[in-house]
Number of protein chains: 2
Amino acid sequence: MPLSKAHKQRSKEKILDSANRLFADRGFNKVSIDQLMQDAGMTRGAFYAHFKSKEDLYSQTMISAATKSKIMNCDETNMAFYKTVINEYLDMSHVKQNNIPCGLAFFVTDVANEQPEVRKVYTQLFKGLVQMLTDQQSENNKDKKNKKIMAIAAMMIGGVAVSRALIDDNAIEELLESCRSIAGELVGY
Amino acid sequence: MPLSKAHKQRSKEKILDSANRLFADRGFNKVSIDQLMQDAGMTRGAFYAHFKSKEDLYSQTMISAATKSKIMNCDETNMAFYKTVINEYLDMSHVKQNNIPCGLAFFVTDVANEQPEVRKVYTQLFKGLVQMLTDQQSENNKDKKNKKIMAIAAMMIGGVAVSRALIDDNAIEELLESCRSIAGELVGY
DNA sequence: GTCTATACCTCGATAGAC
DNA sequence: GTCTATCGAGGTATAGAC
């Protein structure tokens with residue numbers, strides 16, 4: 001038996017991973033705590049040893065996903081950075097995936113209908129994405145470029161979110177390709 | 001007492017209007033049929049005289065909203081059309097409004113988590129928006145412009161959807177202004 | 001920390017009176 | 001068409017044993 005503190009942390013990670021997958025697949029409101037804990041290999045009562053409420057879980061799940069996401073850990077720079085981020089984000093495999101997807105796109109409406117605490121977290125994560133995109137830009141004409149960055153962020157999130165609502169795979173591919181193409185053009189490659 | 005057919009139609013319209021407002025405010029899953037019918041001035045039992053299930057209501061609500069929306073009834077042409085649509089859509093009053101907003105933005109995640117029938121309706125409405133934007137473009141270089149149109153649609157929907165999740169009004173204004181500015185640039189005014 | 005058991009509530013949907 | 005009454009299912013959260 002490991003130290004109880006490490007044990008607890010591992011249990012919590014398992015819950016968060018399950019939450020990410022199930023929330024991405026069904027949305028916040030269609031996953032019960034019972035289903036979540038079964039998926040994580042525990043029972044319902046244990047949930048409250050880690051989270052004070054389901055709403056608390058929403059916040060922590062989004063934070064956990066953001067720190068693990070591929071896009072937040074891209075180690076390229078300049079144009080290669082933009083190219084990689086844009087192409088991997090606006091991709092069918094991201095849309096269809098429910099493992100650790102981008103919560104900004106997958107949970108956008110769910111968050112809008114939640115309490116301020118959850119929306120604060122979303123706001124922080126969105127600002128983090130914008131900051132990350134901003135960091136790679138060159139120095140000249142920053143004001144104009146900041147507008148482009150924000151518009152690209154909206155396009156990326158919107159492109160993925162809409163794709164997930166569409167039922168026609170051809171339409172999804174066309175939408176994603178359009179967003180990739182125009183986003184690349186805006187960023188200048 | 002009016003003809004029962006007209007009476008029924010008026011009741012249904014009231015239910016659909018309430019549904020639009022409440023769904024926009026709270027999301028599909030946080031509005032019960034009981035609350036909906038109370039808002040519409042009827043009781044729960046009457047619901048099933050108009051809709052075969054709650055899922056059926058989702059579809060009909062989105063269709064009803066689309067036909068009534070300002071954006072779908074814009075009677076301007078060419079650049080004036082784009083200017084009006086982009087500026088009115090990507091506006092704080094649209095984000096904060098919950099009267100008859102654009103379901104493509106307000107319900108995007110809710111729809112993604114619903115059954116195929118609802119997603120089919122969403123897909124049709126999205127294609128309708130794209131078609132409407134396409135109709136106003138000039139003839140030359142259509143292929144490139146189609147990509148722009150789809151990217152703009154994603155940016156508009158994403159911009160509004162993300163804005164609704166953010167809790168910081170300054171950030172929302174900055175995001176909306178960025179999207180308006182870049183969308184206008186893409187469309188060429 | 002995790003388990004079982006349970007309190008208490010709200011949901012979607014149906015049945016039958018008017 | 002709309003009402004009231006009610007069913008069965010499933011929700012969050014808590015209490016207490018281990």
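Because the structure is predicted, anything quoted here is derived from the model rather than measured. A, B, ... follow the sequence lines: proteins, then strands. Residue 1 opens every chain.
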Between P on dG10(D) and CE on Met37(A), what's the gap in Å once rounded to a whole number?
20 Å
Check whether any side-chain nitrogen or oxygen of Ser11(A) sits under 4.0 Å from OP1 or OP2 of dG1(C), and answer yes or no.
no
Side chains of Glu174(B) and Asn170(B) only: does a donor on one sit below 3.5 Å from an acceptor on the other?
no
For Asp34(A), enumerate each residue passing the salt bridge (Lys or Arg N to Asp or Glu O under 4.0 Å) test, keeping only those at least two apart in sequence or located in another chain.
Arg44(A)
Near DNA chain C, which residues from residues 13-20 of chain B have a heavy atom under 4.0 Å away?
none
Check the distance between dT2(D)'s C1' and Lys5(B)'s NZ and give it to me in whole angstrom.
19 Å
Can you list every pair that meets salt bridge (charged side-chain N to carboxylate O under 4.0 Å, His left out) and has a residue in residues 120-131 of chain A, with sequence neighbours left out?
Glu117(A)-Lys120(A), Lys127(A)-Asp168(B)
Could you list the residues that satisfy ring-ring contact (aromatic ring centres under 6.0 Å, His included) with Phe106(A), not counting sequence neighbours?
His94(A)
Without decimals, in angstroms, what is the distance between Leu57(A) CG and dA13(D) C1'?
14 Å
Check salt bridge (Lys or Arg N to Asp or Glu O under 4.0 Å) between Lys68(A) and all other residues, then give those that pass, not counting sequence neighbours.
Glu13(A), Asp17(A)
Answer yes if the side chains of Lys148(B) and Gln137(B) hold a donor-acceptor pair under 3.5 Å, and no otherwise.
no
Interatomic distance, Gln38(A) CD vs dT2(C) C1' [rounded to whole Å]
15 Å
Taking the minimum atom-to-atom distance to the side chain of Lys8(B), which one of dG1(D), dC3(C), dG1(C) wins?
dG1(D)
Out of dT2(D), dC3(C), dC11(C), whichever nucleotide has its closest atom nearest the side chain of Gln35(B)
dC11(C)
For Arg119(B), side-chain contact (heavy atoms from CB on, under 4.5 Å) partners two or more places apart
Ile167(A), Val111(B)
Across all chains, not counting sequence neighbours, the ring-ring contact (aromatic ring centres under 6.0 Å, His included) partners of Phe47(A) are Phe51(A)
Mind jotting down which residue pairs meet the ring pair (Phe, Tyr, Trp, His ring centres under 6.0 Å) criterion with at least one end in residues 15-35 of chain B? Sequence neighbours excluded, please.
Phe23(B)-Phe28(B), Phe23(B)-Tyr58(B), Phe28(B)-Tyr58(B), Phe28(B)-Phe107(B)
Length of the line joining Leu36(A):CG and dG11(D):P, which is rounded to integer Å:
12 Å
For a quick check, with a 4.0 angstrom heavy-atom cut-off, what is the B/S/- contact string for nucleotides 12-18 of chain C, read 5' to 3'?
BBB----
